[in-house]
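Everything on this sheet refers to the single structure shown next.
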There are 2 protein chains.
Amino acid sequence: MTNETHNKAEQDQDGADNSKYVKKKLLAIEAAAKVFADKGFHGATTQDIAAEMGIQQGSLYYYFKSKEQALQEVCEYGFEHYVTRMKKICDKDQPFEAKMLAIVTSHLTNYRSKHSAMKVHNDQRLYLPTERRAKIKKLGSEYRDLLEQVLAEGIEKNVLRANLDTHFIAYSIIGICNSWGSNLVRDDDLDLFDTIEQCSDLILHGTINTTPKM
Amino acid sequence: MTNETHNKAEQDQDGADNSKYVKKKLLAIEAAAKVFADKGFHGATTQDIAAEMGIQQGSLYYYFKSKEQALQEVCEYGFEHYVTRMKKICDKDQPFEAKMLAIVTSHLTNYRSKHSAMKVHNDQRLYLPTERRAKIKKLGSEYRDLLEQVLAEGIEKNVLRANLDTHFIAYSIIGICNSWGSNLVRDDDLDLFDTIEQCSDLILHGTINTTPKM
DNA sequence: CTAACTTTCAATAGATCTATAGAATTTATT
DNA sequence: AATAAATTCTATAGATCTATTGAAAGTTAG
């Protein structure tokens, strides 16, 4: 009768398996991801998201306290898997080339198979106020650090050129992968494994012909 | 007294030098570019753009018939220079490496020196309805074609590896450049020429150490 | 100085869209 | 079956925001 919690959206960081709720909340995140990916954060309406889920606009607020929170959760959702997988790859003891292939594969596979959330993370996260981006930022720099570490190892083992700037290369790899990731999302006909292979090849060998027959 | 053209925005494809008008219209496009780059198309308001120009919200419609038209013009504005410059580079008779350097330089310089419009073109053009994107699309494919042609020449002259997919490489180059372009826009401390050099180097030579001392 | 033209302004209608609140319905529990 | 709890609905206030309109202010030219 007083102010009980009528709104699940308020008590929302527990991992407790309210099974029913948790499952539909996930659907909500995925619906938001799809809609944000298509129309952009500001271009999308809560109505769009609700429609995607087959519920009424107002009902959406049972799952999200605000549209902004929805964006935040979509971004985190899209990015968490991705960083987790990266950690696993880096932990394994593998030759450099294999690691790099695994990294590119992980990155691009994530785009194709799973989430518009990846796209939303890339394109829309800057519309979040800084407070809401803290976790995402942390994940992002974790990811880059891991990647730079892999590159540093590669240099140490003499597989990579010694004069490389790992920071620069890390950003570039992420750039290429994101760019192709977007293409994969946009164009269903694009072959995933072909793309993976070509990206890796470009990153490793560049374009120059090193054995020119004269 | 009937319906005369009170609105310049309606008669707007003439290159005639209404000097005063033309100059301020350019300021309008640049203001829109800045605001769209910061807040995104849907996140920006006509009020924001007007404020950036120091005029009232309603007055903006003297220069643009609609917010959407503003976006279209910003995208075209950002991209035209860019394609024009590309043509010049390709026409010149130069060795492959020089051409590639020039292309990367042109691309990144355009980001740093001139326009948020580049950013808007990249990030926001898909929010335009197809009709409004016709010109932009044409320019885009012109650009890619030119780039692919340069690459094909490189292969022919045996400077580049024969097994390259020019289409793929072209997209990748654009991807890397856009990615670093965004970084250049976001981070003023980033050195332009350093970035250019590193991008070119990566594209040409990749990362692998081709002369490993054992 | 006056008339014609250009540019800006102020005010607003009409159309959103977010978020809230309380009722209605469905689902789970005793 | 009766009660409690969870989920969804309807309706709406309040806050935008775009685009229009006609008047005001500024500029140019005769």
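All chains are named by letter (A, B, ...) in the order of the sequence lines, taking the proteins before the strands, and each is independently numbered beginning at 1.
- A:Glu68 has its CD atom 13 Å from the C1' atom of C:dA19, to the nearest Å.
- A:Lys135 and A:Glu80 are joined by a salt bridge, as a carboxylate oxygen and a charged side-chain nitrogen come within less than 4.0 angstrom of each other.
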(message) Walk along nucleotides 9-18 of chain C from 5' to 3' and tag each nucleotide B, S or - by protein heavy-atom contact under 4.0 Å, base first, then sugar-phosphate.
(response) BS------SB
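- Contact between the side-chain N/O atoms of B:Tyr63 and the OP1/OP2 oxygens of C:dT7 is not found at any separation under 4.0 Å.
- A salt bridge is absent between A:Asp91 and A:Lys87; no separation between the charged side-chain nitrogens and carboxylate oxygens falls under 4.0 Å.
- Applying the side-chain hydrogen bond (donor to acceptor under 3.5 Å, both in side chains) test to pairs two or more places apart or on separate chains, none has a residue in residues 183-192 of chain A.
- A straight line from OH of B:Tyr21 to P of C:dT7 spans 8 Å, rounded to a whole angstrom.
- A sub-4.0 Å separation between OP1 or OP2 of C:dT6 and a side-chain N or O of B:Lys24 is absent.
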For nucleotides 25-30 of chain D, give me every protein contact, N/O to N/O, under 3.5 Å, one pair per line with atom names.
none

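- Atom C1' of nucleotide C:dA19 and atom CG of A:Asp48 are separated by 16 Å, given to the nearest angstrom.
- Atom CG in B:Leu160 sits 7.5 Å away from atom CG in B:Leu204 (nearest 0.5 Å).
- Taking atom NZ of residue A:Lys23 and atom P of nucleotide C:dT27, one finds them 15 Å apart after rounding to whole Å.
- Residue A:Tyr62 places no side-chain N or O under 4.0 Å from the OP1 or OP2 atom of D:dT8.
- Atom CG in A:Leu27 sits roughly 13 Å away from atom P in D:dT7 (whole-Å rounding).
- Listed by chain and residue number, A:Glu142 satisfy the side-chain contact (heavy atoms from CB on, under 4.5 Å) test with A:Lys138 (two or more places apart in sequence, or in another chain).
- For the 3.5 Å distance criterion, the side chains of A:Glu30 and A:Tyr77 qualify, holding a donor opposite an acceptor.
- Rounded to whole Å, the distance from NZ on B:Lys65 to P on D:dT21 is 13 Å.
- Sorted by first and then second residue, the ring pair (Phe, Tyr, Trp, His ring centres under 6.0 Å) pairs with a member in residues 175-195 of chain A read A:Trp180-B:Phe168, A:Trp180-B:Tyr171; sequence neighbours excluded.
- Legend: residues meeting side-chain contact (heavy atoms from CB on, under 4.5 Å) with A:Asp145, ordered by chain and number and at least two apart, are absent.
- A side-chain N or O of A:Tyr82 and one of A:His107 form a donor-acceptor pair less than 3.5 Å apart.
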